[in-house]
Protein chains: 2
Amino acid sequence: MVQKDSGTRRGRPRNFDEGKVLQQVQDAFWKGGFEGTSIDDLTDATGLNRPSLYGAFGDKHTLYIEALRQYRVATAAAGRKILEDAGTLREGLGELYKAAIRIYMGDEEGRGCFVSSTAPPEAVRDASVRRELAAMNDELDALFEARIARAQADGETCIALPPDEAARVASSVLHSLSVRARGGAPRKALHALAESAINLIAPARN
Amino acid sequence: MVQKDSGTRRGRPRNFDEGKVLQQVQDAFWKGGFEGTSIDDLTDATGLNRPSLYGAFGDKHTLYIEALRQYRVATAAAGRKILEDAGTLREGLGELYKAAIRIYMGDEEGRGCFVSSTAPPEAVRDASVRRELAAMNDELDALFEARIARAQADGETCIALPPDEAARVASSVLHSLSVRARGGAPRKALHALAESAINLIAPARN
DNA sequence: AGGATTTTTTACCAAATGGTACAAAAAGAT
DNA sequence: ATCTTTTTGTACCATTTGGTAAAAAATCCT
């Protein structure tokens, strides 16, 4: 099934990079959702033909699940880094929301968050999609909670809520930025919401 | 096209109630989204056969748009009433979030908000869906803003933000409750988020 | 009663869908 | 050089999809 002990793989070599293809698949699903994206859309987006796609990954469904997983892992890592690198919680939230808005507004087309924009319709009937959606939500909550706890330990700001509660409000803002972007909201409105939320969650000391 | 001046309609009478059917259509789309719901699903859900559906409404697309519209109008009206009837902003937010959670968790299946759970995947390619999504978001924002402005005029609570900003945070919580419900979050977690948000937006005076 | 009008019922259609069989091609193994 | 093994390319298939044609049924109008 997998390659042998020898480092060289036998047979005709692959003509594509698996990660890159998965990225292109993700972009396709991002635009049209799972049901709204056909295999033909995927072959167009990747340049691969159907048997190559099916050979490398499984069927359409596992392809979508893999795309969700890759997005979740990459997003969580990037978000964690932004929050940790920031000197203060306020700065961290500002940078993270700014990065999120940049992604959600990619090319001014208002695509929102890949997971929370495309997973929900499938999540009722499809348990594996539902689990991915839940995992994304949980990871975001945990991300914020860790950084807020640190800020509170540093006595950084007067935070009105315990870290776990404040964290859930902070990720709520991400959920909202996503659905608003998808609805065509202008960048300006998204930045305004982000700033308002920061002022509520981690008010500037004055 | 429409009935004549005479109150009586000619021809064979309809065998169904248009509003009720649209409600059943909405429920079907709610479970599976637009692309994930077939015409057969709709005929099963309504008991009507295809030509009756097509005769009464248009094609599948306008059927979906009508369902979105009906949900938006009904939701906005119900939300406005809850907020207006409440004595205080805190009570109003509490009642509204409670009502939202009840709907989003219908039959413990975690279906979320109909609009923000099913419209986003279509919103990039379909401008009319995008407009409906934007309209829903805007109406929710306006709903909260009006009530928050009233509370501030009454000098009711110490609200940290101007009404329009606080309102957008308040509807962000709804967006988040929806996507969390769809991800299978337990009722308890949703109520906890609602309470946390209320304490941030309209803190209890003590 | 008989014609007009609208809805229902049944049956159907062309197109798109997810998925696969099969042979040609490209590499390593012997 | 030949054989294995894996990937690629082409063509294909059964099913599902959204949508409709046509006739039967049920009501109103005269």
Side-chain angles (χ1 to χ4, degrees), chain A residues 1-22 24-25 28-29 31-67 118 121-122 125-126 128-129, chain B residues 1-22 24-25 28-29 31-67 118 121-122 125-126 128-129:
Chain A
M1 205 126 274
V2 196
Q3 69 197 69
K4 290 285 176 55
D5 300 66
S6 151
T8 58
R9 294 173 43 107
R10 317 208 341 181
R12 181 171 178 170
R14 288 244 169 105
N15 207 4
F16 58 91
D17 174 64
E18 197 157 323
K20 198 165 199 165
V21 165
L22 199 54
Q24 295 167 314
V25 166
F29 280 133
K31 281 206 195 79
F34 174 67
E35 312 253 17
T37 304
S38 68
I39 307 283
D40 281 342
D41 291 333
L42 296 180
T43 60
D44 286 352
T46 60
L48 300 189
N49 44 30
R50 301 157 90 90
S52 291
L53 272 179
Y54 277 80
F57 312 88
D59 54 2
K60 185 190 175 190
H61 183 258
T62 55
L63 210 37
Y64 178 60
I65 296 288
E66 282 303 307
T118 68
E122 327 299 328
R125 289 171 175 159
D126 187 324
S128 54
V129 172
Chain B
M1 204 123 276
V2 196
Q3 69 198 71
K4 291 284 176 54
D5 301 66
S6 150
T8 57
R9 294 172 45 104
R10 316 209 342 180
R12 180 171 178 169
R14 287 243 170 105
N15 207 3
F16 57 90
D17 174 63
E18 197 155 324
K20 198 164 201 167
V21 164
L22 199 54
Q24 296 167 314
V25 165
F29 280 133
K31 281 204 194 79
F34 175 66
E35 312 252 19
T37 304
S38 67
I39 308 283
D40 281 343
D41 291 333
L42 295 180
T43 60
D44 286 352
T46 60
L48 300 189
N49 42 31
R50 301 158 89 92
S52 291
L53 272 179
Y54 277 81
F57 312 88
D59 54 2
K60 185 191 175 189
H61 183 259
T62 56
L63 210 37
Y64 178 61
I65 297 287
E66 281 303 306
T118 69
E122 328 299 328
R125 289 171 175 158
D126 186 325
S128 54
V129 171

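Chain letters run A, B, ... following the sequence lines, proteins first, then strands; residues in each count from 1. FYI, side chains are in, hydrogens and waters are out, and symmetry mates aren't considered; it's all heavy atoms of this structure.
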Find out whether Leu22(A) and Thr46(A) are in side-chain contact, i.e. whether some heavy atom of one side chain is under 4.5 Å from a heavy atom of the other. no
Using side-chain heavy atoms (C-beta onward) and a distance below 4.5 Å, is Phe29(A) in contact with Thr118(A)? no
Residues that Ala45(A) engages under side chain to side chain contact (heavy atoms under 4.5 Å, CB included), provided they are two or more places apart: Ala28(A)
Rounded distance in Å - [atom1] ([X]) to [atom2] ([N]):
| X | N | atom1 | atom2 | value |
| --- | --- | --- | --- | --- |
| Leu53(A) | dT8(D) | CG | C1' | 12 Å |
| Leu63(A) | dG18(C) | CG | C1' | 12 Å |
| Asp59(B) | dG18(D) | CG | C1' | 9 Å |
| Arg10(A) | dT8(D) | CZ | P | 17 Å |
| Tyr54(B) | dT17(D) | OH | P | 12 Å |

Pairs satisfying salt bridge (charged side-chain N to carboxylate O under 4.0 Å, His left out), at least one member in residues 49-66 of chain A, at least two apart: Asp40(A)-Arg50(A), Glu66(A)-Arg69(A)
Check salt bridge (Lys or Arg N to Asp or Glu O under 4.0 Å) between Arg14(B) and all other residues, then give those that pass, not counting sequence neighbours. Glu18(B)
Could I get the full list of side-chain hydrogen bond (donor to acceptor under 3.5 Å, both in side chains) partners for Asp44(B), not counting sequence neighbours? none
DNA chain C contacts made by residues 31-44 of chain A, counting heavy atoms under 4.0 Å: Thr37(A), Ser38(A), Ile39(A)
For Gly33(A) and Thr37(A), work out which heavy atoms get closest and say how close. O-OG1, 2.6 Å
Applying side chain to side chain contact (heavy atoms under 4.5 Å, CB included) between Leu48(A) and each of Asn15(A), Val21(A), Thr43(A), report the one that passes. Val21(A)
Protein and nucleotides 7-14 of chain C: nitrogen or oxygen contacts under 3.5 angstrom:
residue	atom	partner	partner atom	Å
dT7(C)	OP1	Arg9(B)	NH2	3.4
dT7(C)	OP1	Arg14(B)	NE	3.4
dT7(C)	OP1	Arg14(B)	NH2	3.2
dT7(C)	O4'	Arg12(B)	O	3.2
dT8(C)	OP1	Asn15(B)	N	2.7
dT8(C)	OP2	Ser52(B)	OG	3.1
dT9(C)	OP2	Asn49(B)	ND2	3.0

